[in-house]
Amino acid sequence: QVQLVDSGGGLVQAGGSLRLSCAASGLTFNSYAMGWFRQAPGKEREFVAAVSWSGSNTYYADSVKGRFTISRDNAKNTVFLQLNSLKPEDTAVYYCAATYSDYARAVHEYSYWGQGTQVTVSS
């Protein structure tokens with residue numbers, strides 16, 4: 001059974017930082033591109049960032065470019081999202097996800113999902 005377990009969320013003030021982690025099991029990790037999505041109350045799930053299977057290519061939503069960084073450690077079957085310069089509008093549940101398609105940014109392109117981790121940014 002494939003499992004993606006998100007962690008690292010929390011409550012921070014505007015301008016602060018968090019580092020999210022997603023540990024994968026039950027899949028050949030380096031065969032998948034990985035992505036992060038977020039969903040705020042009353043809104044649809046939106047794409048945040050993706051990283052290719054090798055970790056050499058990344059893609060970001062315009063809203064987070066220059067502030068967030070996605071990376072992966074294939075030896076540890078883990079993908080990370082470094083969130084810097086956080087804003088209140090970044091408040092959401094953040095989900096990691098796995099796909100066979102590099103640079104996929106639509107929800108339907110991802111096959112597996114983590115349980116989500118809450119990020120709350122106060123002003």
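For the single chain, residues carry numbers from 1 onward in sequence order.
Partners of Asn74 according to the side chain to side chain donor-acceptor pair (under 3.5 Å) rule, which considers only residues two or more places apart in sequence or in another chain, are Arg72.
Minimum interatomic distance between Ser17 and Ser85 (heavy atoms only, all atoms of both residues): OG-N, 4.3 Å. Here the closest non-hydrogen pair linking Cys96 and Val79 is CB-CG1, 4.4 Å. Contact detail for Thr78 and Ser21: the closest heavy-atom pair is CG2-CB, 4.4 Å. The two atoms that bring Arg67 and Leu86 nearest to each other are NH1-CA, 4.0 Å, heavy atoms only. For the residue pair Leu18 and Val119, the shortest heavy atom distance occurs at CD1-CG1, 3.8 Å. Nearest approach of Val48 to Leu81, heavy atoms of both residues: CG1-CD2, 4.2 Å.
Residue Tyr60 holds its OH atom at 6.5 Å from CD1 of Ile70, rounded to the nearest 0.5 Å. Distance check: Phe80 CZ to Leu20 CG gives 11.0 Å after rounding to the nearest 0.5 Å. Separating the CG atom in Leu27 from the OG atom in Ser25 is a distance of 7.0 Å, to the nearest 0.5 Å. Distance check, rounded to the nearest 0.5 Å: NE2 of His108 to OG1 of Thr99 gives 10.0 Å. Taking CD of Glu46 as the reference point, atom CZ of Arg38 lies at 4.5 Å (rounded to 0.5 Å).
Using modelled atom types, one side-chain atom of Thr117 and one backbone atom of Gly9 make a donor-acceptor pair closer than 3.5 Å. Checked by atom type and distance alone, the side chain of Ser52 pairs as donor or acceptor with a backbone atom of Asn57 at under 3.5 Å. Side chain of Gln13 to backbone of Val121: no donor-acceptor contact under 3.5 angstrom is found.
In this structure the side chain of Gln118 reaches within 4.5 angstrom of the side chain of Thr91, judged on heavy atoms. Using a 4.5 Å heavy-atom cutoff, the side chains of Tyr32 and Tyr112 are in contact.
Two different hydrophobic clusters hold Met34 and Val5 under the rule that ILVMFWY side chains link at heavy-atom gaps under 4.5 Å. Trp53 and Phe29 sit in two unconnected hydrophobic clusters of ILVMFWY residues. Membership requires side-chain heavy atoms under 4.5 Å apart, directly or through other members.
Members clustered with Trp113: Phe37, Phe47, Tyr59, Val93, Tyr95, Tyr103, Val107, Tyr110, by chain and number, using a 4.5 Å side-chain heavy-atom cutoff among hydrophobic residues.
We find that Asp90 and Lys87 are not joined by a salt bridge, their nearest charged nitrogen and carboxylate oxygen being 4.0 Å or further apart.
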